[in-house]
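Below is one structure, written out as structure tokens, with a few remarks after it.
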Amino acid sequence: MECAYWDAGVCRSCTWLEIPYADQVTDKQASVEHALAEVPGAADITWLPARTSAETGFRTRAKMVVGGTTQDPTLGILDTDRHGVDLRDCPVMDPALRAAMPGLAHFIRRTGLVPYDVPRRSGELKYVLVTSADDGTLMVRFVLRSRRQLASLRRNLGLLLELVPSTRVVTANIHPVHEAIIEGPEEIVLTGSATLPMRVGDVVLDPGPRSFSQTNTEVAGDLYRQAARWVDEGGARSLWDLYCGVGGFALHAARAGVAEVTGVEVSGQAIASARKAADDLLSGTAAPGSTSSVHPATGSGAARFVAADATEWALGQESVPDAVVVNPPRRGIGPDLARWLDDSRVGLVVYSSCNPQSLARDLLAMPHLRPQEARLFDMFPHTAHAEVAIRLTRRD
């Protein structure tokens with residue numbers, strides 16, 4: 001991949017950029033297999049062909065640090081002196097994101113939004129977070145230090161929609177603390193729409209501003225399809241999707257014909273999004289021409305979504321499903337849930353991991369579940385990041 005920012009030495013985020021892409025994938029596969037080497041049965045895993053990615057235009061979420069000045073803002077990253085570096089033409093961003101950047105910069109100038117100066121701890125606008133859907137529509141989130149410039153945002157919302165007409169959702173996130181986290185606890189929706197419907201794989205998901213969604217939508221769709229295929233091949237009639245987010249795994253399994261699907265996620269907003277996506281899938285509004293066995297996700301149908309801690313919820317149930325999908329954060333599922341899965345009678349587990357080290361630790365804690373098949377999903381080309389899904393079956 002050609003990158004002017006890399007060539008100029010102003011950005012080194014894509015740490016593997018100079019490695020040919022085919023070699024990147026080979027190296028990631030080798031690193032995952034090495035991380036799992038001590039897991040019983042690892043040598044017998046059948047590795048399916050890696051799901052590779054486009055080398056450019058694959059990122060559908062952009063976290064742009066705002067630097068510079070109101071009249072000359074930068075959208076990108078900070079340099080070693082904590083000053084802004086403009087990356088608005090970054091080639092890994094989805095074309096819809098790149099197309100939005102000039103309008104967003106012009107909006108900052110026209111409205112007088114003051115970029116946050118990290119060394120001086122002054123200013124208001126810290127980040128612009130932009131997500132693109134498959135149809136090119138956008139969710140734009142302005143991360144502000146305070147509510148001081150919120151009125152200006154509201155007053156000029158029409159200008160933003162004029163400058164970036166693909167915008168569907170606009171929010172202000174209030175992040176008053178000077179610390180190295182991207183967003184704060186308060187989200188204020190400024191548009192009539194609060195979610196951004198996007199087709200991922202075979203379903204339309206409906207994430208809100210604080211819901212987790214995969215950065216590489218195309219590869220994520222095949223990850224969800226692969227998990228649903230494994231569950232279907234295992235003959236499962238009931239499934240729990242733990243750490244379900246906005247319902248990608250759960251809805252793909254339900255669409256594949258799994259009769260009883262339960263998704264569990266601690267975020268109430270994510271669960272609301274999953275329920276809406278399930279309702280749309282049932283009504284047919286999300287997938288014209290397709291059929292689905294998904295029932296309205298109100299908690300009483302065959303597909304339901306529950307806002308709860310995944311581990312606490314699972315440990316509190318009196319019965320177990322035929323299959324479980326887990327898609328935890330980088331820390332993994334942890335010893336309590338791993339022990340419960342190992343002791344339960346669940347016959348099939350699909351583990352989707354963004355961290356091979358925590359995956360290996362969790363698999364070592366589940367000796368009664370034997371790895372059978374696995375597949376690498378390259379969500380982040382040009383980096384060492386490796387996403388892997390693995391199918392586990394119970395051995396007695």
Side-chain angles (χ1 to χ4, degrees), residues 48-54 57-61 94 96 131-137 139 195-208 211-234 236 239-258 261-263 265 270-271 273-295 297 303 305 323-328 348 350-354 373-381 386-391:
L48 302 178
R51 198 326 184 161
T52 57
S53 170
F58 57 84
R59 286 194 69 103
T60 54
R61 294 168 60 207
D94 179 86
T131 301
S132 64
D134 57 297
D135 62 357
T137 55
M139 178 187 298
T195 60
L196 183 69
M198 59 175 66
R199 178 169 293 279
V200 186
D202 299 324
V203 304
V204 174
L205 303 179
D206 202 46
S211 301
F212 172 78
S213 59
Q214 294 283 4
T215 297
N216 191 323
T217 303
E218 287 297 318
V219 175
D222 278 347
L223 170 62
Y224 298 148
R225 290 180 178 122
Q226 181 66 65
R229 190 176 304 121
W230 279 335
V231 171
D232 182 55
E233 290 170 353
L239 170 78
W240 292 353
D241 177 7
L242 304 181
Y243 308 94
C244 72
V246 295
F249 287 105
L251 293 176
H252 273 80
R255 191 174 185 276
V258 179
V261 176
T262 301
E265 167 63 47
I271 289 298
S273 294
R275 288 172 176 166
K276 183 178 184 302
D279 286 341
D280 290 343
L281 189 60
L282 172 67
S283 68
T285 59
S290 66
T291 59
S292 172
S293 63
V294 180
H295 291 257
F305 291 90
V324 171
V325 173
V326 291
N327 181 35
L348 171 65
V350 177
Y351 193 134
S352 176
S353 171
C354 61
E373 284 186 308
R375 190 178 185 190
L376 176 74
F377 292 84
D378 192 18
M379 296 280 189
F380 296 92
E387 188 100 13
V388 63
I390 188 164
R391 178 175 67 88

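Because the structure is a prediction, the values reported are computed rather than measured.
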Let me confirm one number: the [atom1]-[atom2] distance from [X] to [Y], rounded to the nearest 0.5 Å.
X	Y	atom1	atom2	result
Asp134	Arg199	CG	CZ	7.0 Å
Phe377	Thr52	CZ	OG1	11.0 Å
Asp94	Thr215	CG	OG1	11.5 Å
Asp202	Leu251	CG	CG	11.0 Å
Glu373	Gln226	CD	CD	7.0 Å

**Prompt:** Under 3.5 Å, is there a donor-acceptor pair between the side chain of Arg375 and the main chain of Pro49?
**Reply:** yes
Any [X] side-chain heavy atom under 4.5 Å of [Y] side chain:
X	Y	value
Val203	Arg255	yes
Glu265	Phe212	no
Ser352	Leu223	yes

Using every non-hydrogen atom in the two residues, find where [X] and [Y] come nearest and quote the distance to one decimal.
X	Y	result
Ala250	Asp241	N-OD2, 3.0 Å
Gly247	Phe305	CA-CE2, 4.0 Å
Ser53	Val219	CB-CG2, 3.9 Å
Val246	Pro207	CG1-CA, 4.0 Å
Thr195	Gly208	CG2-CA, 4.0 Å
Ser211	Ala270	OG-CA, 3.8 Å

**Fill in**
Contacts of Trp230 meeting ring-ring contact (aromatic ring centres under 6.0 Å, His included) (sequence neighbours excluded), chain-then-number -> none
**Message:** Going by ring-ring contact (aromatic ring centres under 6.0 Å, His included), name the residues that satisfy it together with Phe380, two or more places apart in sequence or in a different chain.
**Reply:**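 Phe380: ring-ring contact (aromatic ring centres under 6.0 Å, His included) contacts with His385.
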**Request:** Could you label the plane-to-plane angle of the Tyr224 and Phe249 rings as parallel, tilted or perpendicular, counting under 30° as parallel and over 60° as perpendicular?
**Result:**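 Perpendicular.
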**Message:** What verdict does the salt bridge (Lys or Arg N to Asp or Glu O under 4.0 Å) test give for Asp232 and Arg229, after you've listed the backbone C-alpha separation in whole Å, the side-chain angles of each residue and the deciding distance to 0.1 Å?
**Reply:** CA-CA 5 Å; Asp232 182 55; Arg229 190 176 304 121; over 6 Å; no
**Asked** Between Thr60 and Thr217, is a side-chain hydrogen bond (donor to acceptor under 3.5 Å, both in side chains) present by the stated rule, with each step listed?
**Response** CA-CA 7 Å; Thr60 54; Thr217 303; 3.0 Å; yes
**Asked** Between Glu387, Arg51, Arg61, Met379, which is the residue that forms a side chain to side chain contact (heavy atoms under 4.5 Å, CB included) with Asn216?
**Response**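 Only one of Glu387, Arg51, Arg61, Met379 forms a side chain to side chain contact (heavy atoms under 4.5 Å, CB included) with Asn216, namely Met379.
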**Prompt:** How far apart are the C-alpha atoms of Cys244 and Ile271, what are their side-chain angles, what is the distance that settles it, and do they pass the side chain to side chain contact (heavy atoms under 4.5 Å, CB included) test?
**Reply:** CA-CA 8 Å; Cys244 72; Ile271 289 298; 3.9 Å; yes
**Message:** Using a strict threshold of under 4.0 Å (side-chain N to carboxylate O), is an ion pair present between Lys276 and Asp280?
**Reply:** yes
**Item:** More than 12 heavy atoms from other groups under 6.0 Å of CD on Glu218
**Value:**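 Counting other residues, nucleotides and ligands, CD of Glu218 stays at 12 neighbours or fewer.
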